[in-house]
Amino acid sequence: QVQLVESGGGLVQPGGSLRLSCAASGTIFSINAMGWYRQAPGKERELVADITSGGSTNYADSVKGRFTISMDNAKNTVYLQMNSLKPEDTAVYYCNANLRAYYTRGYRSYWGQGTQVTVSS
């Protein structure tokens, strides 16, 4: 059994900052990569940023220079530091992990339950 638990969402004014955290727990054998996706009302879920266990990162163009993703491999935890937030960043943010669990073959994708981020004055 694998669980992803997110925290850190909330309401923030434009220009403000938030830090999201996502901890993976359970029967984890190996993590390949972790990342953050978001889904705004009426829109499809989109990649925000992801990071491999080796530290390679990838960002959506809309967040480059404002968001920073990082991962603590020892804690199986990924973070998303969000600065200079804009109203268009408002969405439910979902944590994703590509990992292999014990007693399974291969890697698969796991999702957190989502955390709401609202940017509004």
Side-chain angles (χ1 to χ4, degrees):
Q1 193 84 1
V2 173
Q3 282 189 316
L4 302 183
V5 179
E6 300 131 333
S7 61
L11 173 64
V12 65
Q13 292 187 342
S17 297
L18 281 175
R19 188 190 193 212
L20 305 182
S21 300
C22 171
S25 62
T27 57
I28 298 169
F29 177 76
S30 176
I31 296 179
N32 179 44
M34 297 184 76
W36 291 93
Y37 288 71
R38 67 186 180 187
Q39 187 166 20
K43 294 189 176 181
E44 293 186 354
R45 190 174 297 188
E46 62 176 1
L47 173 70
V48 177
D50 58 22
I51 183 168
T52 68
S53 59
S56 296
T57 58
N58 177 47
Y59 294 92
D61 288 342
S62 59
V63 307
K64 283 181 181 177
R66 300 188 297 123
F67 292 10
T68 302
I69 190 168
S70 60
M71 188 161 74
D72 186 331
N73 292 330
K75 296 181 179 179
N76 291 337
T77 299
V78 65
Y79 306 95
L80 186 68
Q81 178 66 43
M82 304 185 293
N83 299 328
S84 303
L85 282 160
K86 305 175 181 179
E88 51 262 43
D89 294 317
T90 296
V92 178
Y93 283 69
Y94 296 91
C95 176
N96 175 270
N98 181 260
L99 62 84
R100 180 182 171 186
Y102 279 105
Y103 314 118
T104 66
R105 290 184 178 182
Y107 288 79
R108 56 154 287 194
S109 191
Y110 293 80
W111 292 92
Q113 79 284 357
T115 184
Q116 178 70 46
V117 171
T118 302
V119 184
S120 175
S121 55

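Side-chain atoms are counted along with the backbone in the values below, which use heavy atoms only and exclude waters and symmetry mates.
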Flag if over 12 foreign heavy atoms under 6.0 Å of CD, Gln116 =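 More than 12 heavy atoms, drawn from other residues, nucleotides or ligands, come within 6.0 Å of this atom.
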Test item: Arg66 side-chain N/O and Ser62 main-chain N/O as donor-acceptor pair under 3.5 Å =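 It does hold such a pair.
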Arg38 (side chain) donor-acceptor with Ala91 (main chain) under 3.5 angstrom |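 Checked: no pair found.
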Is the NZ or CZ atom of Arg19 both under 6.0 Å from the centre of the six-membered ring of Tyr79 and within 45° of that ring's axis?
-> yes
Test the Arg100-Tyr107 pair against the cation-pi criterion, namely NZ or CZ under 6.0 angstrom from the six-membered ring centroid and within 45° of the ring axis.
-> no
Looking at side-chain heavy atoms only, is the closest gap between [X] and [Y] below 4.5 Å?
X: Cys95; Y: Tyr37; answer: no
X: Ile69; Y: Trp36; answer: yes
X: Ile31; Y: Asn98; answer: no
X: Glu6; Y: Tyr94; answer: yes
X: Thr115; Y: Leu20; answer: yes
X: Leu47; Y: Asp50; answer: yes
X: Ser120; Y: Pro87; answer: no
X: Val48; Y: Leu80; answer: yes

Please round to the nearest 0.5 Å and tell me the distance separating atom OG of Ser25 and atom NZ of Lys75.
-> 14.5 Å
In Å, rounded to the nearest 0.5 Å, how long is the span from OG of Ser53 to CG of Leu99?
-> 11.0 Å
With the 4.5 Å side-chain cut-off for hydrophobic clustering, are [X] and [Y] part of the same group?
X: Tyr59; Y: Val78; answer: yes
X: Val92; Y: Val117; answer: no
X: Ile51; Y: Ile28; answer: yes
X: Tyr110; Y: Phe29; answer: no

Do Lys86 and Asp89 pass the salt bridge (charged side-chain N to carboxylate O under 4.0 Å, His left out) test, and can you show the C-alpha distance, the side-chain angles, and the key distance before you say yes or no?
-> CA-CA 5 Å; Lys86 305 175 181 179; Asp89 294 317; over 6 Å; no
Least distance between heavy atoms, Leu4 atom then Ala97 atom |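 That would be CD1-N, 3.8 Å.
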